[in-house]
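Report on the following structure.
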Amino acid sequence: MRSSPAAVRPTTTSRRHGVMLRLVGAGVMLTVMADTTATTLAVGVLKYTPAGAGMPLGDLVWLTSAAFIPIAALLATAGRWADLFGRRRVLAVGLVVFVLGGIATVAVEPWSYVLAARAVQGAGAAAMIPASLGLLLGELPESQRRGAIALWSSASGLGCLLMQAGGGWLAVAVGWRALFLPNVVIGVLLLIACIGLPAGKRGNAKGVPDVLGAWLLAAGIAVIVLAISKAMAWGTDVLWLGLAALALIGGALAQARHHRLPAIDLALWRRPRFVWGWLATWGFGALSYGLLTVQPLYLLHLGYPMLEVAMWLTPTSVAVVVTSFLAGKLVKRVGAYGLIYAGSLLCGGACVLVLTQAGPTVWGLIASVVVGMGVGALAPGTSVATTLAARPHQYASAVGAATMARMVGGAVGVAVVSVVIDHPFMTGPFAGLAGALALCVGISVLIGALALTKITRQRPDPGDVMVKVPRRMLLELRMTLATVAAEADALLPVETRAPSATPSAHPSAAPHTDHVPRPRAAEPGPLAGTRGHTN
(Lines give C-alpha, C1' and ligand atoms only; values in the text may rest on other atoms or scores of the structure.)
Protein backbone atom coordinates (compact mmCIF):
# COMPACT_ATOMS: atom_id res chain seq x y z
CA MET A 1 0.00 0.00 0.00
CA ARG A 2 1.44 3.35 -1.07
CA SER A 3 1.73 5.91 1.70
CA SER A 4 0.06 9.25 1.20
CA PRO A 5 1.95 12.56 1.29
CA ALA A 6 0.06 13.49 4.45
CA ALA A 7 1.60 10.50 6.20
CA VAL A 8 5.13 11.35 5.06
CA ARG A 9 5.08 15.07 5.82
CA PRO A 10 4.98 14.81 9.66
CA THR A 11 7.99 12.48 9.64
CA THR A 12 10.01 14.91 7.52
CA THR A 13 8.95 17.80 9.73
CA SER A 14 9.88 15.94 12.91
CA ARG A 15 13.31 15.14 11.50
CA ARG A 16 13.89 18.76 10.59
CA HIS A 17 12.78 19.82 14.04
CA GLY A 18 15.08 17.21 15.60
CA VAL A 19 18.08 18.59 13.72
CA MET A 20 17.20 22.18 14.65
CA LEU A 21 16.64 21.24 18.27
CA ARG A 22 20.04 19.59 18.48
CA LEU A 23 21.78 22.50 16.77
CA VAL A 24 20.18 25.13 18.98
CA GLY A 25 20.64 23.13 22.19
CA ALA A 26 24.30 22.48 21.40
CA GLY A 27 24.73 26.10 20.30
CA VAL A 28 23.41 27.38 23.63
CA MET A 29 25.88 25.31 25.65
CA LEU A 30 28.70 26.19 23.25
CA THR A 31 27.94 29.90 23.74
CA VAL A 32 27.62 29.73 27.52
CA MET A 33 30.85 27.75 27.94
CA ALA A 34 32.71 29.97 25.47
CA ASP A 35 31.55 32.96 27.51
CA THR A 36 32.82 31.37 30.73
CA THR A 37 36.16 30.54 29.10
CA ALA A 38 36.42 34.09 27.78
CA THR A 39 35.95 35.35 31.32
CA THR A 40 38.75 33.19 32.73
CA LEU A 41 41.06 34.24 29.89
CA ALA A 42 40.17 37.89 30.48
CA VAL A 43 41.01 37.54 34.18
CA GLY A 44 44.42 36.12 33.26
CA VAL A 45 45.07 38.88 30.72
CA LEU A 46 44.11 41.61 33.19
CA LYS A 47 46.23 40.02 35.92
CA TYR A 48 49.44 40.00 33.88
CA THR A 49 49.02 43.07 31.64
CA PRO A 50 48.95 46.81 32.37
CA ALA A 51 45.19 46.86 31.69
CA GLY A 52 44.54 45.41 35.12
CA ALA A 53 47.57 46.76 36.95
CA GLY A 54 46.96 47.44 40.60
CA MET A 55 43.81 45.32 40.83
CA PRO A 56 44.04 42.32 43.18
CA LEU A 57 43.02 38.92 41.90
CA GLY A 58 40.02 38.92 44.23
CA ASP A 59 38.57 41.95 42.41
CA LEU A 60 39.39 40.61 38.95
CA VAL A 61 37.63 37.33 39.73
CA TRP A 62 34.43 39.35 40.07
CA LEU A 63 34.35 39.37 36.27
CA THR A 64 33.43 35.69 36.66
CA SER A 65 31.39 35.99 39.85
CA ALA A 66 29.25 38.81 38.45
CA ALA A 67 27.86 36.34 35.90
CA PHE A 68 27.84 33.33 38.24
CA ILE A 69 25.59 34.99 40.80
CA PRO A 70 22.57 35.67 38.52
CA ILE A 71 23.06 32.36 36.69
CA ALA A 72 23.01 30.39 39.92
CA ALA A 73 20.22 32.51 41.38
CA LEU A 74 17.82 32.36 38.43
CA LEU A 75 18.41 28.90 36.95
CA ALA A 76 15.91 27.03 39.12
CA THR A 77 13.19 29.65 38.63
CA ALA A 78 13.85 29.95 34.89
CA GLY A 79 13.61 26.19 34.47
CA ARG A 80 10.36 26.07 36.42
CA TRP A 81 8.81 28.87 34.36
CA ALA A 82 10.00 27.25 31.13
CA ASP A 83 8.05 24.12 32.05
CA LEU A 84 4.97 26.16 32.89
CA PHE A 85 4.86 28.85 30.20
CA GLY A 86 6.76 27.48 27.19
CA ARG A 87 10.39 26.51 26.75
CA ARG A 88 10.94 28.21 23.38
CA ARG A 89 9.55 31.47 24.76
CA VAL A 90 11.89 31.44 27.75
CA LEU A 91 14.82 30.50 25.49
CA ALA A 92 14.16 33.45 23.17
CA VAL A 93 13.90 35.89 26.09
CA GLY A 94 17.15 34.56 27.52
CA LEU A 95 18.97 34.98 24.20
CA VAL A 96 17.81 38.59 23.87
CA VAL A 97 19.02 39.43 27.39
CA PHE A 98 22.33 37.61 26.83
CA VAL A 99 23.07 39.44 23.59
CA LEU A 100 22.28 42.85 25.10
CA GLY A 101 24.53 42.11 28.07
CA GLY A 102 27.36 41.06 25.75
CA ILE A 103 27.11 44.26 23.75
CA ALA A 104 27.25 46.30 26.96
CA THR A 105 30.29 44.34 28.20
CA VAL A 106 32.21 45.30 25.07
CA ALA A 107 31.01 48.91 24.92
CA VAL A 108 31.00 50.31 28.48
CA GLU A 109 34.16 51.66 30.13
CA PRO A 110 33.85 51.87 33.97
CA TRP A 111 34.61 48.64 35.78
CA SER A 112 31.36 48.75 37.75
CA TYR A 113 29.40 49.00 34.49
CA VAL A 114 31.32 46.04 33.07
CA LEU A 115 30.35 43.94 36.09
CA ALA A 116 26.72 45.03 35.73
CA ALA A 117 26.77 44.02 32.05
CA ARG A 118 28.21 40.64 33.00
CA ALA A 119 25.36 40.22 35.49
CA VAL A 120 22.87 40.88 32.68
CA GLN A 121 24.56 38.23 30.56
CA GLY A 122 24.35 35.81 33.47
CA ALA A 123 20.60 36.42 33.76
CA GLY A 124 20.19 35.65 30.06
CA ALA A 125 22.26 32.48 30.33
CA ALA A 126 20.15 31.36 33.29
CA ALA A 127 17.08 31.34 31.03
CA MET A 128 18.88 29.80 28.04
CA ILE A 129 20.36 26.73 29.71
CA PRO A 130 17.29 24.96 31.18
CA ALA A 131 14.97 26.03 28.37
CA SER A 132 17.29 24.65 25.66
CA LEU A 133 17.79 21.20 27.17
CA GLY A 134 14.19 21.02 28.41
CA LEU A 135 12.96 21.76 24.88
CA LEU A 136 15.38 19.22 23.44
CA LEU A 137 14.34 16.40 25.77
CA GLY A 138 10.65 17.23 25.65
CA GLU A 139 10.45 17.00 21.86
CA LEU A 140 12.70 13.99 21.22
CA PRO A 141 11.64 10.36 21.74
CA GLU A 142 12.95 8.59 24.82
CA SER A 143 15.43 6.46 22.86
CA GLN A 144 17.27 9.58 21.67
CA ARG A 145 17.45 11.53 24.93
CA ARG A 146 20.72 10.15 26.29
CA GLY A 147 22.45 10.90 23.00
CA ALA A 148 21.00 14.41 23.03
CA ILE A 149 22.34 15.00 26.55
CA ALA A 150 25.78 13.79 25.44
CA LEU A 151 25.72 16.17 22.47
CA TRP A 152 24.56 19.01 24.71
CA SER A 153 27.38 18.31 27.15
CA SER A 154 30.10 17.86 24.53
CA ALA A 155 29.13 21.22 23.00
CA SER A 156 30.38 22.90 26.17
CA GLY A 157 33.82 21.42 25.55
CA LEU A 158 33.69 22.57 21.94
CA GLY A 159 32.87 26.11 23.08
CA CYS A 160 35.81 26.03 25.46
CA LEU A 161 38.06 24.70 22.68
CA LEU A 162 37.08 27.36 20.16
CA MET A 163 37.50 30.18 22.66
CA GLN A 164 40.89 28.91 23.80
CA ALA A 165 42.06 28.48 20.21
CA GLY A 166 40.89 31.89 19.00
CA GLY A 167 40.66 33.81 22.25
CA GLY A 168 44.40 34.18 22.68
CA TRP A 169 44.69 35.83 19.28
CA LEU A 170 41.72 38.13 19.98
CA ALA A 171 43.13 39.19 23.36
CA VAL A 172 46.55 39.98 21.87
CA ALA A 173 45.36 41.63 18.65
CA VAL A 174 42.29 43.57 19.85
CA GLY A 175 42.12 43.46 23.63
CA TRP A 176 40.42 41.55 26.41
CA ARG A 177 36.96 42.99 25.59
CA ALA A 178 37.07 41.33 22.16
CA LEU A 179 36.83 37.95 23.90
CA PHE A 180 33.08 38.57 24.36
CA LEU A 181 32.31 39.52 20.73
CA PRO A 182 31.97 35.98 19.26
CA ASN A 183 29.32 35.08 21.84
CA VAL A 184 27.22 38.07 20.80
CA VAL A 185 27.31 36.95 17.16
CA ILE A 186 26.42 33.35 17.99
CA GLY A 187 23.62 34.55 20.28
CA VAL A 188 22.04 36.52 17.44
CA LEU A 189 22.20 33.47 15.14
CA LEU A 190 20.58 31.28 17.78
CA LEU A 191 17.83 33.82 18.28
CA ILE A 192 17.04 33.69 14.55
CA ALA A 193 17.08 29.88 14.65
CA CYS A 194 14.46 29.87 17.45
CA ILE A 195 11.85 30.78 14.84
CA GLY A 196 12.09 27.27 13.35
CA LEU A 197 11.74 25.44 16.68
CA PRO A 198 8.55 23.88 18.05
CA ALA A 199 6.96 25.82 20.87
CA GLY A 200 7.48 22.98 23.34
CA LYS A 201 5.10 21.45 25.82
CA ARG A 202 3.56 23.66 28.47
CA GLY A 203 2.16 22.80 31.86
CA ASN A 204 -1.60 22.47 32.27
CA ALA A 205 -1.68 24.51 35.46
CA LYS A 206 -3.40 27.87 35.30
CA GLY A 207 -2.91 30.85 37.54
CA VAL A 208 -0.34 33.42 38.57
CA PRO A 209 3.20 32.08 39.16
CA ASP A 210 4.89 32.40 42.52
CA VAL A 211 6.76 35.64 41.84
CA LEU A 212 7.52 36.25 45.52
CA GLY A 213 8.96 32.76 45.93
CA ALA A 214 11.07 33.24 42.79
CA TRP A 215 12.53 36.50 44.14
CA LEU A 216 13.21 34.94 47.53
CA LEU A 217 14.96 31.94 45.97
CA ALA A 218 17.02 34.10 43.61
CA ALA A 219 18.03 36.47 46.40
CA GLY A 220 18.95 33.61 48.74
CA ILE A 221 21.21 31.89 46.19
CA ALA A 222 22.74 35.23 45.16
CA VAL A 223 23.60 35.99 48.79
CA ILE A 224 25.18 32.54 49.20
CA VAL A 225 27.41 33.04 46.15
CA LEU A 226 28.27 36.56 47.32
CA ALA A 227 29.26 35.26 50.75
CA ILE A 228 31.44 32.56 49.19
CA SER A 229 33.13 34.99 46.83
CA LYS A 230 33.94 37.59 49.51
CA ALA A 231 34.63 35.26 52.43
CA MET A 232 38.29 36.26 52.79
CA ALA A 233 37.75 39.96 52.14
CA TRP A 234 34.84 40.46 54.54
CA GLY A 235 35.83 38.01 57.25
CA THR A 236 33.23 37.08 59.84
CA ASP A 237 30.69 39.49 58.30
CA VAL A 238 29.83 36.77 55.78
CA LEU A 239 28.15 34.83 58.61
CA TRP A 240 25.37 37.42 58.58
CA LEU A 241 25.06 36.88 54.84
CA GLY A 242 24.76 33.15 55.45
CA LEU A 243 21.95 33.66 57.94
CA ALA A 244 20.18 36.00 55.54
CA ALA A 245 20.49 33.44 52.74
CA LEU A 246 18.98 30.71 54.92
CA ALA A 247 16.07 32.98 55.82
CA LEU A 248 15.42 33.86 52.17
CA ILE A 249 15.54 30.24 50.97
CA GLY A 250 13.32 29.22 53.89
CA GLY A 251 10.77 31.80 52.79
CA ALA A 252 10.91 30.45 49.23
CA LEU A 253 10.29 26.91 50.52
CA ALA A 254 7.36 28.13 52.62
CA GLN A 255 5.87 29.78 49.55
CA ALA A 256 6.35 26.59 47.56
CA ARG A 257 4.36 24.56 50.08
CA HIS A 258 1.26 26.76 49.79
CA HIS A 259 1.33 28.27 46.29
CA ARG A 260 -0.48 26.74 43.35
CA LEU A 261 2.39 27.40 40.91
CA PRO A 262 5.48 27.42 43.17
CA ALA A 263 8.92 28.62 42.11
CA ILE A 264 10.43 25.41 43.54
CA ASP A 265 9.15 22.05 42.32
CA LEU A 266 9.11 20.19 45.63
CA ALA A 267 8.06 16.93 43.94
CA LEU A 268 11.40 16.92 42.13
CA TRP A 269 13.32 17.09 45.40
CA ARG A 270 11.39 14.12 46.81
CA ARG A 271 13.12 11.86 44.29
CA PRO A 272 16.34 10.41 45.81
CA ARG A 273 17.86 9.84 42.37
CA PHE A 274 17.67 13.54 41.63
CA VAL A 275 19.17 14.53 44.99
CA TRP A 276 22.16 12.22 44.47
CA GLY A 277 22.71 13.62 40.99
CA TRP A 278 22.38 17.17 42.30
CA LEU A 279 25.15 16.58 44.86
CA ALA A 280 27.44 15.06 42.21
CA THR A 281 26.75 18.02 39.92
CA TRP A 282 27.66 20.46 42.70
CA GLY A 283 31.02 18.75 43.15
CA PHE A 284 31.58 18.67 39.40
CA GLY A 285 31.02 22.44 39.21
CA ALA A 286 33.52 23.13 41.99
CA LEU A 287 36.11 20.85 40.36
CA SER A 288 35.71 21.92 36.73
CA TYR A 289 35.62 25.68 37.33
CA GLY A 290 38.45 25.44 39.81
CA LEU A 291 40.61 23.67 37.22
CA LEU A 292 39.48 26.11 34.53
CA THR A 293 40.76 28.98 36.69
CA VAL A 294 44.04 27.32 37.72
CA GLN A 295 45.23 26.26 34.27
CA PRO A 296 45.67 29.68 32.57
CA LEU A 297 46.93 31.32 35.77
CA TYR A 298 49.57 28.61 36.15
CA LEU A 299 50.89 29.11 32.62
CA LEU A 300 50.73 32.91 32.74
CA HIS A 301 52.57 32.82 36.08
CA LEU A 302 55.42 31.01 34.33
CA GLY A 303 55.70 33.86 31.82
CA TYR A 304 54.12 32.24 28.77
CA PRO A 305 52.47 34.65 26.31
CA MET A 306 48.73 34.42 25.77
CA LEU A 307 48.97 32.64 22.40
CA GLU A 308 51.12 29.85 23.87
CA VAL A 309 48.79 29.57 26.84
CA ALA A 310 45.90 28.95 24.45
CA MET A 311 47.94 26.28 22.65
CA TRP A 312 48.66 24.49 25.95
CA LEU A 313 44.97 24.53 26.89
CA THR A 314 43.69 23.28 23.52
CA PRO A 315 44.41 19.54 24.14
CA THR A 316 42.25 19.68 27.27
CA SER A 317 39.27 20.99 25.33
CA VAL A 318 39.77 18.46 22.53
CA ALA A 319 39.75 15.68 25.11
CA VAL A 320 36.53 17.09 26.64
CA VAL A 321 34.74 17.09 23.27
CA VAL A 322 35.84 13.59 22.26
CA THR A 323 35.23 12.01 25.66
CA SER A 324 31.79 13.60 26.04
CA PHE A 325 30.75 12.17 22.67
CA LEU A 326 32.02 8.69 23.54
CA ALA A 327 30.51 8.86 27.02
CA GLY A 328 27.09 9.35 25.47
CA LYS A 329 27.44 5.92 23.89
CA LEU A 330 28.81 4.28 27.06
CA VAL A 331 26.28 5.65 29.53
CA LYS A 332 23.80 2.85 28.78
CA ARG A 333 26.43 0.23 29.66
CA VAL A 334 28.23 1.69 32.65
CA GLY A 335 25.50 4.00 33.94
CA ALA A 336 25.64 7.66 34.87
CA TYR A 337 27.47 7.06 38.15
CA GLY A 338 29.98 4.82 36.44
CA LEU A 339 30.93 7.79 34.27
CA ILE A 340 31.04 10.08 37.30
CA TYR A 341 33.34 7.69 39.15
CA ALA A 342 35.68 7.32 36.17
CA GLY A 343 35.76 11.08 35.57
CA SER A 344 36.63 11.84 39.19
CA LEU A 345 39.48 9.32 39.11
CA LEU A 346 40.88 10.82 35.91
CA CYS A 347 40.73 14.41 37.19
CA GLY A 348 42.24 13.57 40.56
CA GLY A 349 45.00 11.47 39.03
CA ALA A 350 45.88 14.21 36.54
CA CYS A 351 46.15 16.80 39.34
CA VAL A 352 48.48 14.49 41.29
CA LEU A 353 50.60 14.07 38.15
CA VAL A 354 50.88 17.85 37.71
CA LEU A 355 51.90 18.27 41.35
CA THR A 356 54.90 16.01 40.76
CA GLN A 357 56.19 18.20 37.91
CA ALA A 358 58.33 21.33 38.28
CA GLY A 359 56.91 23.03 35.19
CA PRO A 360 55.33 22.42 31.78
CA THR A 361 56.64 19.06 30.53
CA VAL A 362 55.39 16.23 28.36
CA TRP A 363 53.85 14.70 31.47
CA GLY A 364 52.08 17.97 32.15
CA LEU A 365 50.64 17.88 28.65
CA ILE A 366 49.46 14.31 29.22
CA ALA A 367 47.90 15.41 32.49
CA SER A 368 45.99 18.20 30.75
CA VAL A 369 44.58 15.65 28.29
CA VAL A 370 43.58 13.38 31.18
CA VAL A 371 41.84 16.32 32.87
CA GLY A 372 39.87 16.86 29.68
CA MET A 373 38.90 13.19 29.62
CA GLY A 374 37.75 13.39 33.22
CA VAL A 375 35.65 16.49 32.65
CA GLY A 376 34.29 14.93 29.46
CA ALA A 377 33.07 11.93 31.47
CA LEU A 378 31.70 14.00 34.37
CA ALA A 379 29.65 16.39 32.21
CA PRO A 380 27.28 13.85 30.57
CA GLY A 381 27.33 11.63 33.65
CA THR A 382 26.03 14.35 35.96
CA SER A 383 23.58 15.62 33.32
CA VAL A 384 22.04 12.17 32.83
CA ALA A 385 21.97 11.47 36.58
CA THR A 386 19.92 14.61 37.28
CA THR A 387 17.85 15.23 34.17
CA LEU A 388 16.55 11.72 33.52
CA ALA A 389 15.66 11.36 37.20
CA ALA A 390 12.79 13.78 36.57
CA ARG A 391 9.42 13.29 34.91
CA PRO A 392 8.97 14.61 31.34
CA HIS A 393 7.01 17.62 32.55
CA GLN A 394 9.88 18.48 34.93
CA TYR A 395 12.79 18.41 32.48
CA ALA A 396 13.48 22.15 32.40
CA SER A 397 13.06 22.38 36.18
CA ALA A 398 15.56 19.55 36.67
CA VAL A 399 18.05 21.13 34.27
CA GLY A 400 17.69 24.48 36.02
CA ALA A 401 18.18 23.02 39.50
CA ALA A 402 21.12 20.86 38.40
CA THR A 403 22.87 23.65 36.53
CA MET A 404 22.28 25.90 39.52
CA ALA A 405 24.20 23.35 41.60
CA ARG A 406 26.98 23.36 39.03
CA MET A 407 27.21 27.16 39.05
CA VAL A 408 27.09 27.45 42.83
CA GLY A 409 29.78 24.79 43.00
CA GLY A 410 31.70 26.70 40.34
CA ALA A 411 31.48 29.88 42.41
CA VAL A 412 32.84 27.94 45.38
CA GLY A 413 35.65 26.51 43.25
CA VAL A 414 36.68 29.86 41.77
CA ALA A 415 36.51 31.65 45.13
CA VAL A 416 38.46 29.00 47.02
CA VAL A 417 41.08 28.67 44.29
CA SER A 418 41.65 32.44 44.13
CA VAL A 419 41.92 32.63 47.93
CA VAL A 420 44.42 29.75 48.07
CA ILE A 421 46.53 31.26 45.27
CA ASP A 422 46.73 34.62 47.06
CA HIS A 423 47.11 33.05 50.55
CA PRO A 424 48.98 29.74 50.01
CA PHE A 425 49.07 27.12 52.74
CA MET A 426 51.93 25.23 51.09
CA THR A 427 55.58 26.18 50.54
CA GLY A 428 57.65 26.44 47.39
CA PRO A 429 57.84 28.60 44.25
CA PHE A 430 54.35 27.51 43.16
CA ALA A 431 52.84 27.31 46.63
CA GLY A 432 49.50 28.91 45.76
CA LEU A 433 48.97 26.98 42.55
CA ALA A 434 50.06 23.72 44.18
CA GLY A 435 47.58 24.29 47.02
CA ALA A 436 44.79 24.92 44.50
CA LEU A 437 45.61 21.66 42.71
CA ALA A 438 45.66 19.81 46.04
CA LEU A 439 42.14 21.11 46.75
CA CYS A 440 41.03 19.84 43.33
CA VAL A 441 42.37 16.41 44.26
CA GLY A 442 40.31 16.48 47.44
CA ILE A 443 37.14 17.42 45.54
CA SER A 444 37.78 14.59 43.07
CA VAL A 445 38.01 12.12 45.94
CA LEU A 446 34.68 13.34 47.36
CA ILE A 447 32.92 13.02 44.00
CA GLY A 448 34.34 9.54 43.46
CA ALA A 449 33.25 8.43 46.94
CA LEU A 450 29.71 9.72 46.31
CA ALA A 451 29.51 7.90 42.96
CA LEU A 452 30.89 4.68 44.42
CA THR A 453 28.38 4.83 47.27
CA LYS A 454 25.53 5.24 44.80
CA ILE A 455 26.79 2.38 42.62
CA THR A 456 27.02 -0.04 45.54
CA ARG A 457 23.61 0.97 46.95
CA GLN A 458 21.38 1.01 43.91
CA ARG A 459 17.76 1.30 45.02
CA PRO A 460 14.72 2.21 42.96
CA ASP A 461 12.84 5.41 43.68
CA PRO A 462 9.57 5.07 45.61
CA GLY A 463 7.77 6.61 42.65
CA ASP A 464 9.27 4.22 40.12
CA VAL A 465 7.54 0.92 39.30
CA MET A 466 9.68 -1.36 37.17
CA VAL A 467 8.45 -4.65 35.74
CA LYS A 468 11.02 -6.76 33.93
CA VAL A 469 9.63 -9.44 31.60
CA PRO A 470 11.88 -11.71 29.48
CA ARG A 471 11.63 -11.11 25.75
CA ARG A 472 10.85 -14.79 25.05
CA MET A 473 7.83 -14.67 27.36
CA LEU A 474 6.53 -11.54 25.65
CA LEU A 475 6.86 -13.17 22.22
CA GLU A 476 5.00 -16.27 23.41
CA LEU A 477 2.23 -14.12 24.85
CA ARG A 478 1.96 -12.24 21.57
CA MET A 479 1.68 -15.48 19.57
CA THR A 480 -0.98 -16.83 21.96
CA LEU A 481 -3.04 -13.64 21.66
CA ALA A 482 -2.75 -13.75 17.88
CA THR A 483 -3.97 -17.38 17.90
CA VAL A 484 -6.94 -16.49 20.11
CA ALA A 485 -7.84 -13.64 17.77
CA ALA A 486 -7.69 -15.94 14.74
CA GLU A 487 -9.87 -18.54 16.50
CA ALA A 488 -12.42 -15.87 17.42
CA ASP A 489 -12.54 -14.64 13.82
CA ALA A 490 -13.20 -18.21 12.64
CA LEU A 491 -15.94 -18.86 15.23
CA LEU A 492 -17.83 -15.59 15.18
CA PRO A 493 -19.70 -15.89 11.82
CA VAL A 494 -20.86 -19.46 12.59
CA GLU A 495 -22.04 -18.63 16.09
CA THR A 496 -23.96 -15.66 14.83
CA ARG A 497 -26.08 -17.95 12.61
CA ALA A 498 -26.58 -20.75 15.21
CA PRO A 499 -29.81 -19.55 16.89
CA SER A 500 -31.65 -19.08 13.59
CA ALA A 501 -30.84 -22.65 12.47
CA THR A 502 -32.56 -24.19 15.50
CA PRO A 503 -36.13 -25.50 14.57
CA SER A 504 -38.95 -23.99 16.58
CA ALA A 505 -42.72 -24.24 16.14
CA HIS A 506 -43.30 -20.92 17.76
CA PRO A 507 -40.52 -18.45 16.94
CA SER A 508 -41.97 -15.94 19.34
CA ALA A 509 -41.52 -18.39 22.21
CA ALA A 510 -37.73 -17.81 22.27
CA PRO A 511 -37.00 -14.70 24.26
CA HIS A 512 -34.82 -11.95 22.76
CA THR A 513 -32.24 -12.27 25.53
CA ASP A 514 -31.57 -15.93 24.74
CA HIS A 515 -29.43 -15.27 21.67
CA VAL A 516 -26.21 -16.63 23.20
CA PRO A 517 -23.47 -17.95 20.86
CA ARG A 518 -22.89 -21.68 21.16
CA PRO A 519 -19.50 -23.33 20.58
CA ARG A 520 -18.92 -25.89 17.84
CA ALA A 521 -18.13 -29.35 19.17
CA ALA A 522 -16.83 -31.29 16.16
CA GLU A 523 -14.43 -28.83 14.53
CA PRO A 524 -11.01 -28.71 16.17
CA GLY A 525 -9.18 -25.44 15.90
CA PRO A 526 -5.61 -24.39 16.38
CA LEU A 527 -6.11 -24.31 20.16
CA ALA A 528 -7.20 -27.98 20.35
CA GLY A 529 -5.30 -29.90 22.99
CA THR A 530 -4.88 -26.96 25.34
CA ARG A 531 -6.08 -27.20 28.91
CA GLY A 532 -9.55 -25.84 29.67
CA HIS A 533 -12.26 -24.75 27.27
CA THR A 534 -11.09 -23.82 23.80
CA ASN A 535 -13.42 -20.88 23.49
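Worth knowing before you read on, the calculation uses all heavy atoms, side chains too, and leaves out hydrogens, waters and symmetry mates.
By the 4.5 Å heavy-atom criterion applied to side chains, Asp35 and Arg118 are counted as neighbours. Gln121 is not listed as a side-chain neighbour of Ile71, based on a closest heavy-atom distance of 4.5 Å or more. Within the 4.5 Å cutoff, the side chain of Val223 has heavy atoms near those of the Leu248 side chain. Residues Ser344 and Leu446 have side chains not in contact (no heavy-atom distance under 4.5 Å, counting atoms from C-beta outward). In this structure the side chain of Leu63 reaches within 4.5 angstrom of the side chain of Val114, judged on heavy atoms. No side-chain heavy atom of Val188 sits less than 4.5 Å from a side-chain heavy atom of Phe98. In this structure the side chain of Leu170 never reaches within 4.5 angstrom of the side chain of Leu181, judged on heavy atoms. For the pair Cys347 and Val375, the minimum side-chain heavy-atom distance is below 4.5 Å.
For the atom pair CG (Leu291) and SG (Cys440), the distance works out to 4.0 Å, reported to the nearest 0.5 Å. To the nearest 0.5 angstrom, Arg271 atom CZ is 16.0 Å from Trp276 atom CH2. The CG atom of Leu91 sits 11.0 Å away from the CD1 atom of Ile129 when rounded to the nearest 0.5 Å. From Leu450, atom CG reaches atom CD1 of Ile455 across 10.0 Å, with rounding to the nearest 0.5 Å. Atom-to-atom distance recorded for Leu190:CG and Leu95:CG is 5.5 Å, nearest 0.5 angstrom. Between Met29 atom CE and Ser324 atom OG the span is 10.0 Å, to the nearest 0.5 Å.
Side-chain atoms of Arg22 never come within 3.5 Å of backbone atoms of Leu136 as a donor-acceptor pair (strictly under, hydrogens ignored). Judged by distance alone, the side chain of Tyr337 and the main-chain N or O of Thr456 form no donor-acceptor pair under 3.5 Å. A donor-acceptor pair under 3.5 Å is absent between the side-chain atoms of Arg273 and the main chain of Thr386, judged by distance alone.
Nearest heavy atom pair, residue Ala193 against residue Val24, reads CB-CG2, 3.8 Å. Ile443 and Gly283 make their closest contact through CG2-O, 3.7 Å (heavy atoms, listed as atom of the first residue, atom of the second, distance). Of all heavy-atom pairs spanning Ala127 and Gly94, the tightest one is CB-CA, 3.7 Å. When every heavy atom of Ala367 is checked against every heavy atom of Val354, the shortest pair comes out as CB-CG2, 3.5 Å. Nearest approach of Thr31 to Gly27, heavy atoms of both residues: OG1-O, 2.7 Å. Between Gly251 and Leu216 the shortest heavy-atom distance is C-CD1, 3.6 Å.
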Evaluation steps, side-chain contact (heavy atoms from CB on, under 4.5 Å), between Ser444 and Leu345: CA-CA 7 Å; Ser444 300; Leu345 286 181; over 6 Å; no
Go through the steps to decide whether Ile447 and Leu287 satisfy the test side-chain contact (heavy atoms from CB on, under 4.5 Å), and finish with yes or no. CA-CA 9 Å; Ile447 298 173; Leu287 177 63; 4.1 Å; yes
Leu378/Leu339 under side-chain contact (heavy atoms from CB on, under 4.5 Å): CA gap, chis, key distance, verdict: CA-CA 6 Å; Leu378 283 167; Leu339 288 179; over 6 Å; no
Dump the intermediate steps for side-chain contact (heavy atoms from CB on, under 4.5 Å) on Val370 and Leu353, then the final yes or no. CA-CA 10 Å; Val370 176; Leu353 182 60; 6.0 Å; no
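Residues that satisfy the ring pair (Phe, Tyr, Trp, His ring centres under 6.0 Å) test with Phe180, not counting sequence neighbours, are absent from this structure. With sequence neighbours excluded, the residues forming a ring pair (Phe, Tyr, Trp, His ring centres under 6.0 Å) with Trp269 are Phe274, Trp278, listed by chain and number. Evaluation of the salt bridge (Lys or Arg N to Asp or Glu O under 4.0 Å) rule for Arg406 yields no partner, not counting sequence neighbours.
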